[in-house]
Amino acid sequence: MAAPEERELSQEQTEKLLQFQDLTGIESMDQCRQTLQQHNWNIEAAVQDRLNEQEGVPSVFNTAPNRPLQVNTADHRVYSYVVSRPQPRGLLGWGYYLIMLPFRITYYTLLDIFRFALRFIRPDPRSRVTDPVGDIVSFIQMFEEKYGRTHPVFYQGTYSQALNDAKQELRFLLVYLHGEDHQDSDEFCRNTLCTSEVSQFINSRMLFWACSTNKPEGFRVSQALRENTYPFLAMITLKDRRMTVVGRLEGLIQPQDLINQLTFIMDANQTYLVSERLEREERNQTQVLRQQQDEAYLASLRADQEKERKKREKQEQKRREEEEAQLRQLAEERKKRTLQEEKERRSECLPAEPQPDHPDSVKIGFKMPNDTRVERRFLFTQPLSVIHDFLFSLKETPEHFQIVANFPRRVLPCLPSEEAPVPPTLQEAGLGRSQLLFVQDLTDE
């Protein structure tokens, strides 16, 4: 039976899957699983690749394996420095060289024929990059186990990421391709690359990326840079807005010679980085200026909008005040009309003033709030409400008032109340035939 395409995950893989989802925030579980499978379930490499991708660095799996890396290697002005192997010395040396020459030619010829024929039978496994970060980590571990920990600081990322960082930081990138099968690789690593002076020089001036050509990632870079022999070093920097190989160093080079050659290459190409820095600063200043102009425009726009808003609010408030004043005026006029109509109605309803010689006639004088005096005759048998209606019908009488008598001082109950639903008569209120009453204004109370 054919094996199913999706096998069940182990407990360890499930834990890594959940941990990777928590660290990256990816909602799709299938995408998390696919990413971890691409990195052979190496969660550190998968998370690093995801973080680099979020920072604008393309994922190492977004590029086809056989696609050449985007580095300009066609510049004919590339500085090239090749160290040839020393010639044999003396009769004995030349004799040994001539004796071994046929065997060496035969060995390498047969080896090339065998490798060429093997390509038709089985494709080179290095041509497929599945875990580029893993290739780098594996090479660094192998290098330190074999040559020790005194070495330049390796860039722990893919070649594409190293190119991107060097471009963003405007730094030189030194690439070292390690040929494990070459006879000069061990001596170069031990006596040149791992010396303290070379390590300090590289660490203080450039990024350093290295990988073995036996690894898929190293083999892919080897196809892009097309080295001729080992050890191989390539200096890459930003030139004319493209990452360009500006120097190639091949062969068994000595420490001081390596430092001199790298210094020469850097001095010859430093102007490109300086120019790019100036351009970036100018672009940044232009961007800052444009941002400041935009902020000033937005601030001015907001100020104008605020001014317009306050103007509208003021106009709206003025309109409301005018409407309220108009409504108050209409209400006041309506109230005055109603009051005047009520005065006229009560005046019409007043009984006629009795004659002076009427036996029940009472003459009452009223002192008004404006200090004027009003007199009228009433009957002892009439209720106090008649006095109130008479005063209410007068033009100078306020809307709300009360009638006060002296000796003793008291307020006459002219209007019906709960205690006295029917107001008493003038005689019951104890008024004499000639009486002075005071009208008090209650409008403001």
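Between E333 and K336, none of the side-chain N atoms (NZ, or NE/NH1/NH2) sits under 4.0 Å from a carboxylate O, so this pair counts as no salt bridge. One finds a salt bridge joining R309 and E313 here, because a Lys/Arg side-chain nitrogen approaches an Asp/Glu carboxylate oxygen to under 4.0 Å. Taking a cutoff of 4.0 Å between a charged side-chain nitrogen and a carboxylate oxygen, E324 and R320 do not qualify as a salt bridge. No salt bridge links R345 with E341; every basic N to acidic carboxylate O contact stays at or beyond 4.0 Å. A salt bridge between E281 and R277 is absent, with no side-chain N of the basic residue lying under 4.0 Å from a carboxylate O of the acidic one.
No more than 12 heavy atoms of other residues, nucleotides or ligands lie within 6.0 Å of CD in Q287, so this atom counts as exposed by the packing criterion. Shown here is F264, whose CZ atom has no more than 12 heavy atoms of other residues, nucleotides or ligands within 6.0 Å. No more than 12 heavy atoms of other residues, nucleotides or ligands sit less than 6.0 Å from atom CZ of R373. Within 6.0 Å of CZ on R149 lie no more than 12 heavy atoms contributed by other residues, nucleotides or ligands. Counted within 6.0 Å of CD on Q326, heavy atoms from surrounding residues, nucleotides or ligands total 12 or fewer; the atom is thus considered open.
Counting heavy atoms from C-beta on, the side chains of L436 and N406 never come closer than 4.5 Å. Looking only at side-chain heavy atoms (C-beta outward), K146 and D186 come within less than 4.5 Å of each other. Counting only heavy atoms from C-beta outward, the side chains of D165 and Y155 approach each other to under 4.5 Å. Looking at C211 and V221, their side chains never come closer than 4.5 Å, going by heavy atoms from C-beta outward. With contacts defined as side-chain heavy-atom distances shorter than 4.5 Å, the pair L278/E282 does not qualify. For the pair L249 and I265, the minimum side-chain heavy-atom distance is below 4.5 Å. For the pair H178/Y230, no side-chain contact is recorded, criterion being any heavy-atom separation below 4.5 Å from C-beta on. Proximity of E276 to R241: side-chain heavy atoms (C-beta onward) are separated by under 4.5 Å at one or more points.
Once rounded to the nearest 0.5 Å, the distance linking CG of L350 with CZ of R376 reads 6.0 Å. Separating the CD1 atom in I236 from the CG atom in L163 is a distance of 5.5 Å, to the nearest 0.5 Å. Put simply, CD on E316 and CD on E323 are 7.5 Å apart, with the number rounded to the nearest 0.5 Å. Taking CG of D131 as the start and CD of Q37 as the end, the distance is 13.0 Å to the nearest 0.5 Å. Taking CD1 from I403 and CZ from F366, the interatomic distance works out to 6.0 Å, rounded to the nearest 0.5 Å. Atoms CD and CG, from E344 and L339 in turn, are 10.0 Å apart once rounded to the nearest 0.5 Å.
Here the side chain of S138 pairs no donor or acceptor atom with the backbone of G134 at under 3.5 angstrom. T263 places a side-chain N or O within 3.5 Å of a backbone atom of I259 that can act as its donor or acceptor partner. One N or O on the side chain of R248 and one on the backbone of L225 form a donor-acceptor pair closer than 3.5 Å. For the pair T338 (side chain) and R334 (backbone), a donor-acceptor distance under 3.5 Å is present. A donor-acceptor pair is defined here as one N or O able to donate and one able to accept, closer than 3.5 Å; such a pair exists between the side chain of S185 and the backbone of G179. Here the side chain of D135 pairs a donor or acceptor atom with the backbone of E217 at under 3.5 angstrom. In this structure, T244 contributes its side chain and V246 its backbone to no donor-acceptor pair below 3.5 Å.
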task = Evaluate salt bridge (charged side-chain N to carboxylate O under 4.0 Å, His left out) for R302 paired with E306, printing each intermediate quantity in order.
result = CA-CA 6 Å; R302 285 192 293 268; E306 182 66 15; over 6 Å; no

key: Criterion side-chain contact (heavy atoms from CB on, under 4.5 Å) on V175 and Y159, from CA distance to verdict   = CA-CA 9 Å; V175 175; Y159 177 63; 3.8 Å; yes

key: L437/L431 under side-chain contact (heavy atoms from CB on, under 4.5 Å): CA gap, chis, key distance, verdict   = CA-CA 10 Å; L437 300 178; L431 299 181; 4.3 Å; yes

request  = Report the C-alpha separation of E227 and T213 in whole Å, then their side-chain angles, then the decisive distance to 0.1 Å, and conclude whether the side-chain contact (heavy atoms from CB on, under 4.5 Å) test is met.
outcome  = CA-CA 11 Å; E227 76 281 6; T213 55; 4.2 Å; yes

query = Given R346 and E342, is the salt bridge (charged side-chain N to carboxylate O under 4.0 Å, His left out) satisfied, shown in steps?
reply = CA-CA 6 Å; R346 293 194 186 187; E342 181 65 16; 3.0 Å; yes

message = side-chain contact (heavy atoms from CB on, under 4.5 Å), that's the test. Do Y81 and I253 meet it? Break it down for me.
response = CA-CA 9 Å; Y81 183 78; I253 188 171; 3.6 Å; yes

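When all heavy atoms are compared, the tightest approach of T425 to T381 is CG2-O, 3.5 Å. Closest approach of R220 to S160, counting heavy atoms only: NH2-OG, 4.2 Å. Of all non-hydrogen atoms in L177 and S222, the two that sit nearest each other are CD1-CA, 3.7 Å. Between A210 and I136, the closest heavy-atom pair is O-CD1, 4.0 Å. Looking at every heavy atom in both residues, E250 comes nearest to S80 through OE1-OG, 4.5 Å. Here the shortest heavy-atom pairing between S199 and C194 reads OG-C, 4.3 Å.
The salt bridge (charged side-chain N to carboxylate O under 4.0 Å, His left out) pairs that include a residue from residues 409-430 number zero, where partners must be two or more places apart or lie in different chains. Pairs of residues two or more places apart, or lying in two chains, that qualify as side-chain hydrogen bond (donor to acceptor under 3.5 Å, both in side chains) and include a residue from residues 353-371 are N370-T372.
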Donor-acceptor pairs under 3.5 angstrom involving side-chain atoms of residues 391-402: please list them, not counting sequence neighbours.
residue: S393; atom: OG; partner: D389; partner atom: O; Å: 3.4
residue: S393; atom: OG; partner: F390; partner atom: O; Å: 2.6
residue: T397; atom: OG1; partner: L391; partner atom: O; Å: 2.5
residue: Q402; atom: NE2; partner: Q440; partner atom: OE1; Å: 2.7

Which donor-acceptor pairs under 3.5 Å do the side chains of residues 167-174 make with protein atoms, sequence neighbours left out?
residue: R171; atom: NH2; partner: M206; partner atom: O; Å: 3.3

Hey, can you pull the donor-acceptor pairs under 3.5 Å for the side chains in residues 290-301, sequence neighbours left out?
residue: Q291; atom: NE2; partner: E295; partner atom: OE2; Å: 3.4

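Screening F143, F188, F208, Y176 for a ring pair (Phe, Tyr, Trp, His ring centres under 6.0 Å) with H151, the sole residue that qualifies is F143.
Y79 and Q261 are linked by a side-chain donor-acceptor pair at a separation below 3.5 angstrom, with hydrogens and angles left out of the test. In this structure, a donor-acceptor pair under 3.5 Å is absent between the side chains of D30 and Q34.
Residues passing the side chain to side chain contact (heavy atoms under 4.5 Å, CB included) test with P255, sequence neighbours excluded: T192, T195, E197, V198.
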